S.K.: 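There's a structure below that I have some questions on.
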Amino acid sequence: MDFLLEPLNLVTFTPFLGVLVLLFLKEREDLARWVSLATALITFGVSLYVLSLFDPSNPGLQLEYTAPWIQVAGFNIQYALGIDGLSILLVLLTAFLTPIAILSTWHAVEERVRDFHLFFLLLEVGMIGVFLAQDLFLFYVFWEFTLVPMYFLIGIWGGGQRMYAAIKFFLYTMAGSILMLLAILWLGINQGSFSVPDLAAMGGIPANIQYWLFLAFAAAFAIKVPMWPLHSWLPDAHVQAPTAGSVILAGVLLKMGTYGFLRFNLPLFPQAAVELAPLMGFLAVVGILYGAIVSYSQKDVKKLVAYSSISHLGFVVLGLFALNSQGIQGAILQMVNHGISTGALFLLVGFIYERRHTREMDEFGGLWKIMPVYAVITLIVSLSSMGLPGLNGFVGEFTILLGAWGGGEGGPLGSNLYAGFAALGVILAAVYMLFMFQKLFLGPVTNKKNEGLKDLNLRELAIIVPLLVLIFWIGLYPKPFFDLMGPTVDNLVQLFQSGTMALH
C-alpha cells in the first residue's frame, strides 16, 4: 500500500485502478463511461497534487521513488520514477487531456464501450510512465506498452481502413524501438547502469560511439514525432482513429518522441547532439515547410489537421536542437501548446463529423450562419494554431525562433537560415488554417444538408471551454509555465555545455 501512496506511483497507476473496476462491468456500458471519466478526473486531481509538491526552483529530480526490480547476470535494473521541469508540464497535459477525450466519446463510441475505456485508461498509464521513468529499461517498457492500447483503439473503433492504419502505426513504431533497445542494452552493458541520471553524470562515451547511440535513439523518437521523412504513418492513423484517439495521439503520444530527444539524446550524447544539430535542424525545417504545404492541399479537414502536426512539431525539434535555454523552453511550451490547440481542432472536427458523417470541406460552407458558437470557437482555435499574438501558439513559436536565431551563426545550428525558413512556416500556417476556415464557415450555405445542423450543446462546450481557457492563459500570461521548466532547462544547458567542452 505504501507503494501506491508515493505521489508519482499514485499518478501513474490511478488509471489502472479504474481498469480493475471496468473488468467487473460486463453489461453496464453507461456505468463504464462514468467509471472511466471519474478515474481520469481523479488522475488529473492527483497530477495537481503532484504539482503542489513540486518545487520550481529545484532544477533536479523531485519526488523520486526507486526500488530494486531486475537484478540478474550483473544487471541492476531499477523501478525508478522522478519528475523535473522537463516532464512536469507533459504529465499535467496528459492528465488534463484524458478526461476531455473520454467525455468526447459519450455518443461517438457505441460498441464495446467497456473495452474502449479499458484500453484508454491503460494508455494513460503508459503515457504518464514514459514521462516519469528514470531507468532506461523501465522507460522502454512504458514506451512499448503504449503501442498496445493505441493499436486496439485504432484497429477496433477506427474508420473504414482502420486495420491498415493500426498495423502501419504499430510496425513503424516497433521498427524504431528495436534500434533504441539495442542502444539501451549497449549502455547498460558498457556503462554498467541503466539509470538515466547516473549515465548523464558519468559521461565519457567516445564520440564515435555517441553518434551511433544518438542515431539509434533518434530513430525511435523521429518516427514517433514524426519527423520528415518518417511521417507517412501519421495521416493514416489520425484519419482512421476515433476522435478521442486522435486527440490523445496528437496531444500526448507524439510528444513522447520530442520528450525522448530532450531527456536522452541531449544529456547522454552531448557531442553527437552538437555535431548533428545542423542535420536535425534541416530535417525540422523541411518538416515545417512540407507539413504546411501538404496541409493546404487537403480536402479532408481531419487530414489537414494531421499534416499540420508534422509542421508544428518541426518547430519543437528545431527549438530543441538550437541547444540553448530559449529554444528548449520554447520547445517544451510548444509541446503543450500543440497538445491543446491540435487536440481542440480534432475535437471540433469530431463534433461536425458526428452531425454530418463527412469531413470533406466541399460538403460545407456558410456554417457561421448556422452554428455561430461553433464558428467562433473554431476561429479562436485556428488563430491559436497559426500563432496569433495573444494566444498560446505565438508564445511557443516566438521563443523557438529566438532560440533558433541564437543557435544560428556561431551556434550549433551554424546558420540563421533555419530561423528564417521556420518563420516562413508561420506564414504558411496562416494560409492553410484560414483556407480551411473560409471553406467551412464563410460564404453562402451551399449544401441544404447543413441547414438543420444544431450548434454546440452543453456537453460539447464543457469539453472545449477548458482548452480555450488555456489558449488564452498561456497566450497572455505564460510566466507560470516558464517558471516550472526554467531552472531545469538552464541546468541541462549548463551540463550539456560542460559535457561537450570536456569531450573537446
Side-chain angles (χ1 to χ4, degrees), residues 93 96-109 159 235 238-252 254 295 298-309 311-312 337-388 391-393 429-430 432-442 447 449-450 453-472 475:
L93 176 68
F96 173 74
L97 283 180
T98 301
I100 288 174
I102 288 171
L103 190 57
S104 75
T105 69
W106 223 251
H107 300 299
V109 175
H238 267 315
V239 170
Q240 299 304 321
T243 297
S246 292
V247 172
I248 289 298
L249 181 59
V252 182
L254 305 188
S295 292
Q298 299 307 311
K299 295 182 179 180
D300 181 322
V301 66
K302 195 175 187 184
K303 193 170 280 191
L304 182 150
V305 178
Y307 274 108
S308 76
S309 290
S311 184
H312 288 305
N337 289 337
H338 178 264
I340 294 165
S341 300
T342 306
L345 282 172
F346 278 120
L347 288 167
L348 290 165
V349 172
F351 294 161
I352 200 70
Y353 181 77
E354 286 180 29
R355 287 162 168 77
R356 278 293 324 275
H357 298 289
T358 180
R359 294 185 296 262
E360 294 294 319
M361 286 189 277
D362 290 339
E363 288 286 319
F364 299 99
L367 288 184
W368 189 290
K369 300 170 184 174
I370 301 166
M371 304 172 68
V373 175
Y374 177 75
V376 169
I377 291 174
T378 305
L379 178 61
I380 293 169
V381 176
S382 300
L383 294 172
S384 155
S385 184
M386 70 177 75
L388 184 78
L391 303 177
N392 61 335
Y432 68 75
M433 291 306 298
L434 291 175
F435 170 75
M436 177 202 75
F437 190 83
Q438 182 264 329
K439 291 281 285 184
L440 293 178
F441 295 98
L442 303 182
N447 191 329
K449 294 179 182 178
N450 298 326
L453 295 180
K454 294 182 179 179
D455 214 334
L456 298 186
N457 57 40
L458 288 177
R459 178 183 65 87
E460 291 165 335
L461 287 171
I463 292 168
I464 208 73
V465 165
L467 295 166
L468 294 178
V469 170
L470 279 176
I471 284 171
F472 283 105

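Remember, it's a predicted structure, so these values are computed and weren't measured experimentally.
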S.K.: With a 4.5 Å heavy-atom cut-off, do I463 and F351 have their side chains touching?
M.R.: yes
S.K.: Write down the atom of N392, the atom of L470, and the distance for their closest heavy-atom approach.
M.R.: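 Closest heavy-atom pair between N392 and L470: CB-O, 4.4 Å.
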S.K.: Any idea which heavy atoms bring A375 and F437 closest together, and the distance?
M.R.: O-CE1, 3.5 Å
S.K.: Evaluate the criterion side chain to side chain contact (heavy atoms under 4.5 Å, CB included) for residue pair W368 and L440; output intermediate values, then yes/no.
M.R.: CA-CA 8 Å; W368 189 290; L440 293 178; over 6 Å; no
S.K.: Surrounding NZ of K369 (heavy atoms of other residues, nucleotides or ligands, distance under 6.0 Å), is the total greater than 12?
M.R.: yes
S.K.: Rounded at 0.5 Å granularity, tell me how far OG in S311 sits from OH in Y432.
M.R.: 4.5 Å
S.K.: Between S341 and S384, which heavy-atom pair has the shortest distance, and what is it?
M.R.: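 In terms of heavy atoms, the two residues are closest at OG-OG, 2.5 Å.
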S.K.: Looking only at heavy atoms, which two atoms of L97 and G339 are closest? And how far apart?
M.R.: CD1-O, 3.8 Å
S.K.: Between CG of L367 and OG1 of T378, what distance do you get to the nearest 0.5 Å?
M.R.: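 OG1 of T378 is found 9.0 Å from CG of L367.
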S.K.: Give the table of side-chain donor-acceptor pairs shorter than 3.5 Å for residues 455-462, with sequence neighbours excluded, one pair per line with atom names and distance.
M.R.:
unit_1	atom_1	unit_2	atom_2	d
D455	OD1	Y374	N	3.1
D455	OD2	V373	N	2.9
N457	OD1	R459	N	3.2
N457	OD1	E460	N	2.8
R459	NH1	L103	O	3.0
E460	OE1	R355	NH2	2.8
E460	OE1	N457	N	3.0
E460	OE2	R355	NH1	2.9

S.K.: Can you name the closest pair of heavy atoms from E363 and T358 and give their distance?
M.R.: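 Heavy atoms only, the tightest pair is CG-OG1, 3.8 Å.
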S.K.: Are any non-hydrogen side-chain atoms of K302 and Y353 less than 4.5 angstrom apart?
M.R.: no
S.K.: If you look at every heavy atom in M436 and S382, which pair is closest and at what distance?
M.R.: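 Smallest interatomic distance, heavy atoms only, reads CE-OG, 3.6 Å.
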S.K.: Hey, mind stepping through L467 and L347 against side chain to side chain contact (heavy atoms under 4.5 Å, CB included) and telling me if it holds?
M.R.: CA-CA 10 Å; L467 295 166; L347 288 167; 3.5 Å; yes
S.K.: Set out, in order, the CA-CA distance, both residues' side-chain angles and the distance that settles side chain to side chain contact (heavy atoms under 4.5 Å, CB included) for D362 and K439, then state yes or no.
M.R.: CA-CA 7 Å; D362 290 339; K439 291 281 285 184; 2.8 Å; yes
S.K.: Between H312 and N337, is there a side-chain heavy-atom distance shorter than 4.5 Å?
M.R.: no
S.K.: With a 4.5 Å heavy-atom cut-off, do L345 and M433 have their side chains touching?
M.R.: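 L345 reaches M433 side chain to side chain.
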S.K.: To the nearest 0.5 Å, what is the distance between CD1 (I464) and CG (L348)?
M.R.: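 Rounded to the nearest 0.5 Å, the CD1-CG separation comes out at 4.0 Å.
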S.K.: I want to check something: taking the side chain as every heavy atom from C-beta on, are M361 and F435 in contact at a cut-off of under 4.5 Å?
M.R.: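 Yes. Closest side-chain heavy atoms under 4.5 Å.
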S.K.: Do F472 and I380 come within less than 4.5 Å of each other through their side chains, counting heavy atoms only?
M.R.: yes
S.K.: At what distance, to the nearest 0.5 angstrom, does CZ of F346 lie from CD1 of I248?
M.R.: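 The CZ atom of F346 sits 12.0 Å away from the CD1 atom of I248.
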S.K.: Answer yes if the side chains of S308 and S295 hold a donor-acceptor pair under 3.5 Å, and no otherwise.
M.R.: no
S.K.: For the CZ atom of F441 and the CE atom of M371, what is their distance to the nearest 0.5 Å?
M.R.: 7.5 Å
S.K.: In Å and rounded to the nearest 0.5 Å, what is the CG to OG1 distance from L93 to T98?
M.R.: 8.5 Å
S.K.: Do V381 and L468 come close enough that some side-chain heavy atom pair is under 4.5 Å?
M.R.: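 The answer is yes; the side chains approach within 4.5 Å.
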S.K.: Evaluate the side-chain proximity of T243 to T105: yes if any heavy-atom separation is below 4.5 Å, no if none is.
M.R.: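 No, side chains not in contact.
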